Amino acid sequence: MDRVRIAIVGCGAISYVTFPGYLRHPRAEITALCDHVRERAEEAARRWGISPRIYTDYDQVLADSGIDAVELLTPTHMHPDQSIAALAAGKHVSTQKPIGPTVADADRVAAAAAGSAAMFRVTENFLYYPPLVRAKELIDSGAIGEMSSMRMRTFTGGDLAASEMTITEDALEWRRVPADNPGGLTYDSGWHKFATAVWLGGEAETVSAIITRTEDFMIESPTAVIWKHAGRDLVGILECVYAPGMQIRGRYYPVDDFFEFQGSEGSIWVTRCTGEMHDLPPVMLFRGTDSRSFNVPSDWVEGFNGAAAAFVDGIISGEQQMMDTAMSRATLQLTLAPYLASDSGAAVDPRTITE
């Protein structure tokens, strides 16, 4: 295949950090846009200066023989059936995280992917975000010795709907429906951190958590999750807090992230992701009394650009890209486990979650 012809399905807020990576790839072409609100797709086409075919029905996308692959930017509960239908139509699938609301959904998608010649992957921008990529390279090189802990902190400030990315009310509406979205920010934003944890440390074997249920279904603050990775002396901690009176500096969502990876010989900080609150280099390595900084590209969109490039390159080369169905399933289990642990007051083995 010389060129990958892509349909972007869903032209809401997240599409605006998804388009650039495909537009700049020399062997990718956005040939179609699909959104149930036609005007939204037309506005996206004007914004990016492209002339794709415009569809309002997903079945039209699947019937279009001029489309090789789909990027699904639709609500979570739609991902499994849309992914399965696209694989059945012979189209490569990249779906926005997560793979689906339940592990049973993940298993259905895995069965469809196993029976298809097309590639399936879940889009996970954190795994291609240059500061986290550099951190992984440093960890893998032994720069901090044997890693023993990873600490991830997320705090949300101000208005969830306030950002340069236009977040429509319907995008927030479905996220607040428990039947469509199993959890709030611990699930929606937490997936990124749990995917990072699986990427760096493999699957988890035990999870404990305190998740504060709030009037606003999405907020869930304060929340703390702690887990241990299987077969390793490696633990992870995720903290989620809400600071409504605090303005988050950044171009995207009013969310700021901070990562610390501790090893036997040193530690690594990744000081930003979505937000840009810290006046520090994006990556810092500490060994003994010495420190070293890495000024790699750190705009949040770079993770999406890397994810888009990997999808296109994987289709052309025939090589499976992150996140495949197995990695997506393990991440979903780790994302759901904190809710079970918090509700029960007991540790949960995420690998036992099958529904």
Side-chain angles (χ1 to χ4, degrees), residues 1-10 15 17-34 50 52-53 58 61-74 79-100 105-130 132-133 136-137 140 191 195-196 198-200 202-203 301-332:
M1 183 181 292
D2 180 62
R3 195 169 187 80
V4 179
R5 300 166 297 178
I6 295 170
I8 292 182
V9 182
S15 72
V17 286
T18 301
F19 277 97
Y22 289 117
L23 290 173
R24 79 179 191 178
H25 196 292
R27 299 181 71 178
E29 179 183 358
I30 299 175
T31 58
L33 302 179
C34 180
I50 56 178
R53 297 184 288 283
Y58 184 55
V61 174
L62 300 183
D64 188 336
S65 61
I67 293 171
D68 304 309
V70 296
E71 176 75 51
L72 301 177
L73 307 179
T74 51
H79 294 174
D81 288 344
Q82 288 183 333
S83 297
I84 291 167
L87 290 167
K91 301 191 188 304
H92 304 283
V93 177
S94 176
T95 181
Q96 183 60 212
K97 61 82 186 172
I99 189 171
D105 287 325
D107 290 339
R108 289 196 298 121
V109 175
S116 174
M119 180 193 299
F120 172 87
R121 71 99 189 244
V122 170
T123 308
E124 181 41 70
N125 58 298
F126 275 44
L127 307 190
Y128 297 94
Y129 181 55
L132 286 171
V133 171
K136 186 176 189 301
E137 291 170 350
D140 291 346
W191 166 282
T196 302
V198 171
W199 180 45
L200 294 175
E203 65 182 5
V301 76
E302 292 299 334
F304 290 89
N305 292 343
F311 186 47
V312 174
D313 293 342
I315 291 170
I316 292 170
S317 68
E319 296 178 2
Q320 176 66 49
Q321 301 296 300
M322 300 186 292
M323 302 172 65
D324 64 9
T325 55
M327 186 178 186
S328 300
R329 186 181 194 271
T331 299
L332 180 59

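Fair warning: this is a prediction, and the values are worked out from it, not measured in the lab.
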Is [Y] close to [X] at the side-chain level, that is, under 4.5 Å between some pair of heavy atoms?
{"X": "Q82", "Y": "T95", "answer": "no"}
{"X": "I8", "Y": "L73", "answer": "yes"}
{"X": "L132", "Y": "W199", "answer": "yes"}
{"X": "L87", "Y": "M119", "answer": "no"}
{"X": "V61", "Y": "V70", "answer": "yes"}
{"X": "F311", "Y": "V4", "answer": "no"}
{"X": "F19", "Y": "I50", "answer": "yes"}

Between [atom1] on residue [X] and [atom2] on residue [Y], distance to nearest 0.5 Å:
{"X": "I316", "Y": "M1", "atom1": "CD1", "atom2": "CE", "answer": "8.0 Å"}
{"X": "D81", "Y": "D105", "atom1": "CG", "atom2": "CG", "answer": "7.5 Å"}
{"X": "L332", "Y": "M327", "atom1": "CG", "atom2": "CE", "answer": "13.0 Å"}
{"X": "T18", "Y": "F304", "atom1": "OG1", "atom2": "CZ", "answer": "5.5 Å"}
{"X": "S94", "Y": "Q321", "atom1": "OG", "atom2": "CD", "answer": "10.5 Å"}
{"X": "T31", "Y": "D64", "atom1": "OG1", "atom2": "CG", "answer": "6.5 Å"}

From CA spacing to verdict: side chain to side chain contact (heavy atoms under 4.5 Å, CB included), K136, L200: CA-CA 7 Å; K136 186 176 189 301; L200 294 175; 3.6 Å; yes
Does the side chain of [X] pick up a donor-acceptor pair with the side chain of [Y] at under 3.5 Å?
{"X": "E71", "Y": "T123", "value": "yes"}
{"X": "Q96", "Y": "T74", "value": "no"}
{"X": "E124", "Y": "W191", "value": "yes"}

What are the two closest non-hydrogen atoms of [X] and [Y], and how far apart are they?
{"X": "L72", "Y": "S83", "value": "CD1-OG, 3.7 Å"}
{"X": "V301", "Y": "V17", "value": "CG2-O, 3.7 Å"}
{"X": "S65", "Y": "R5", "value": "O-NH2, 3.7 Å"}
{"X": "G21", "Y": "N305", "value": "N-OD1, 3.1 Å"}
{"X": "G303", "Y": "P130", "value": "N-CD, 4.3 Å"}
{"X": "S328", "Y": "V122", "value": "OG-CG2, 3.2 Å"}

Test log, rule side chain to side chain contact (heavy atoms under 4.5 Å, CB included), inputs I6 and V312: CA-CA 9 Å; I6 295 170; V312 174; 4.0 Å; yes
Using a strict threshold of under 4.0 Å (side-chain N to carboxylate O), is an ion pair present between [Y] and [X]?
{"X": "R3", "Y": "E29", "answer": "yes"}
{"X": "D68", "Y": "K91", "answer": "no"}
{"X": "D324", "Y": "R121", "answer": "no"}

Residue from V198, V109, D107 passing side-chain contact (heavy atoms from CB on, under 4.5 Å) with R329: D107
Pairs touching residues 301-318 that satisfy salt bridge (Lys or Arg N to Asp or Glu O under 4.0 Å), sequence neighbours left out: R24-E302
